[in-house]
Amino acid sequence: MLEALQLLATLGAALFAGAAIYVNVAEHPARMGLDTRSAALQWAPSYQRATWMQAPLAVVSFLAGVGAWLLGGGLIWLVAALFIGAVVPITFIVIMPTNRRLLAAGRDLASAETRQLLDRWGKLHGVRSIASAIATLLMLWGLWRSH
């Protein structure tokens with residue numbers, strides 16, 4: 001059971017990190033190469049679709065990591081779980097206000113403020129990429145140490 005939880009935690013964190021890093025390295029920079037209105041129009045459905053993939057990955061990875069720690073996998077699993085688990089409150093507390101402003105009805109999608117919000121969103125999303133990458137590396141280290 002311990003190994004299954006370790007693998008599930010690592011897989012969830014790695015998939016989350018891969019998707020998050022892709023957004024920061026490829027998708028968002030490409031989006032920001034568009035005019036502001038087009039970038040905002042592309043961001044909204046992309047964000048909404050990604051939420052349904054990334055949220056469950058973070059939660060499952062967190063729970064499996066905590067489970068691995070509880071079953072004796074070592075402190076590294078709890079620390080890694082806290083890193084991947086942190087992306088959830090980071091999203092709700094830090095990033096969600098920007099999301100709400102970008103999604104607000106009546107927003108001038110071509111405005112300089114919208115451009116600034118999209119730029120801010122990319123930087124804030126980078127925090128999620130870093131936290132999930134750290135979690136993944138810690139989990140991989142935990143797997144390596146146990147074998």
Side-chain angles (χ1 to χ4, degrees), residues 1-34 36 38-104 107 109 112-147:
M1 181 63 135
L2 174 59
E3 286 184 359
L5 287 173
Q6 289 171 328
L7 288 172
L8 182 61
T10 305
L11 179 63
L15 289 171
F16 185 102
I21 292 167
Y22 168 81
V23 168
N24 278 112
V25 171
E27 181 180 347
H28 199 63
R31 174 185 305 128
M32 295 303 284
L34 300 172
T36 302
S38 297
L41 286 170
Q42 193 280 334
W43 176 84
S46 174
Y47 159 73
Q48 291 167 340
R49 288 179 179 169
T51 299
W52 291 108
M53 180 191 80
Q54 287 192 295
L57 288 172
V59 171
V60 168
S61 180
F62 169 74
L63 293 174
V66 170
W69 170 66
L70 289 171
L71 291 179
L75 185 60
I76 195 168
W77 290 96
L78 177 61
V79 173
L82 291 174
F83 268 101
I84 191 66
V87 303
V88 176
I90 287 169
T91 300
F92 283 110
I93 296 167
V94 179
I95 302 174
M96 193 63 71
T98 300
N99 294 353
R100 286 192 181 117
R101 289 177 67 193
L102 282 167
L103 294 170
R107 161 159 293 290
L109 296 180
E113 181 190 19
T114 297
R115 174 63 81 179
Q116 291 170 343
L117 287 170
L118 286 168
D119 186 55
R120 177 178 169 79
W121 181 89
K123 290 176 177 131
L124 294 173
H125 182 76
V127 174
R128 292 167 30 114
S129 296
I130 292 166
S132 60
I134 291 170
T136 301
L137 292 172
L138 289 172
M139 290 175 181
L140 289 170
W141 185 31
L143 285 174
W144 179 76
R145 285 182 37 198
S146 67
H147 285 88

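Values below: every heavy atom of this structure, side chains too, minus hydrogens, waters and symmetry copies. Because the structure is a prediction, the values reported are computed rather than measured.
Under the 3.5 Å distance criterion, the side-chain polar atoms of Thr98 are left unmatched by any main-chain donor or acceptor of Leu117. Side-chain atoms of His28 come within 3.5 Å of backbone N or O of Leu118 as a donor-acceptor pair.
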* To do: Determine, stepwise, if the pair Leu7 / Leu143 fulfils side chain to side chain contact (heavy atoms under 4.5 Å, CB included).
  => CA-CA 8 Å; Leu7 288 172; Leu143 285 174; 4.2 Å; yes
* Going through the distances and angles, do Gln54 and Ser132 end up as a side chain to side chain contact (heavy atoms under 4.5 Å, CB included)? -> CA-CA 11 Å; Gln54 287 192 295; Ser132 60; over 6 Å; no
* **Asn99 vs Met96, side chain to side chain contact (heavy atoms under 4.5 Å, CB included): CA-CA, chis, key distance, verdict** => CA-CA 5 Å; Asn99 294 353; Met96 193 63 71; 4.0 Å; yes
* To do: I would like to know whether Val94 and Val127 meet side chain to side chain contact (heavy atoms under 4.5 Å, CB included); could you show each step before the answer?
  => CA-CA 10 Å; Val94 179; Val127 174; over 6 Å; no
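Shown here for Leu2 and Ala68, the closest heavy-atom pair between the two residues is CD1-O, 3.2 Å. Of all heavy-atom pairs between Ser61 and Ala9, the closest is OG-O, 2.7 Å. Residues Ser46 and Arg31 share a closest heavy-atom pair of OG-NH2, 3.3 Å.
If you take OG1 on Thr136 and CD1 on Ile84, they are separated by 6.0 Å, rounding to the nearest 0.5 Å. Put simply, NE2 on His125 and CD1 on Ile130 are 10.5 Å apart, with the number rounded to the nearest 0.5 Å. A distance of 9.5 Å separates CD1 of Ile95 from CZ of Arg120, quoted to the nearest 0.5 Å. The CG atom of Leu11 sits 8.0 Å away from atom CG of Leu57, with the distance rounded to the nearest 0.5 Å.
Taking Ser146 as the reference, Gln6 meet the side-chain contact (heavy atoms from CB on, under 4.5 Å) condition, with sequence neighbours excluded. Partners of Arg115 under the side-chain hydrogen bond (donor to acceptor under 3.5 Å, both in side chains) rule, at least two apart in sequence or in another chain, are Thr36.
Within the structure, ring pair (Phe, Tyr, Trp, His ring centres under 6.0 Å) pairs that include any residue of residues 60-98 do not occur (at least two apart or interchain). Residue pairs meeting the side-chain hydrogen bond (donor to acceptor under 3.5 Å, both in side chains) criterion with at least one member in residues 79-93, sequence neighbours excluded: Thr91-Arg128. Sorted by first and then second residue, the pairs that involve residues 39-59 and meet ring pair (Phe, Tyr, Trp, His ring centres under 6.0 Å), not counting sequence neighbours, are Trp43-Tyr47, Trp43-Trp121. Applying the side-chain hydrogen bond (donor to acceptor under 3.5 Å, both in side chains) definition to pairs two or more places apart or across chains, those involving residues 11-26 are Asn24-Ser129.
Within a 6.0 Å radius of CD in Gln48, other residues, nucleotides and ligands contribute more than 12 heavy atoms.
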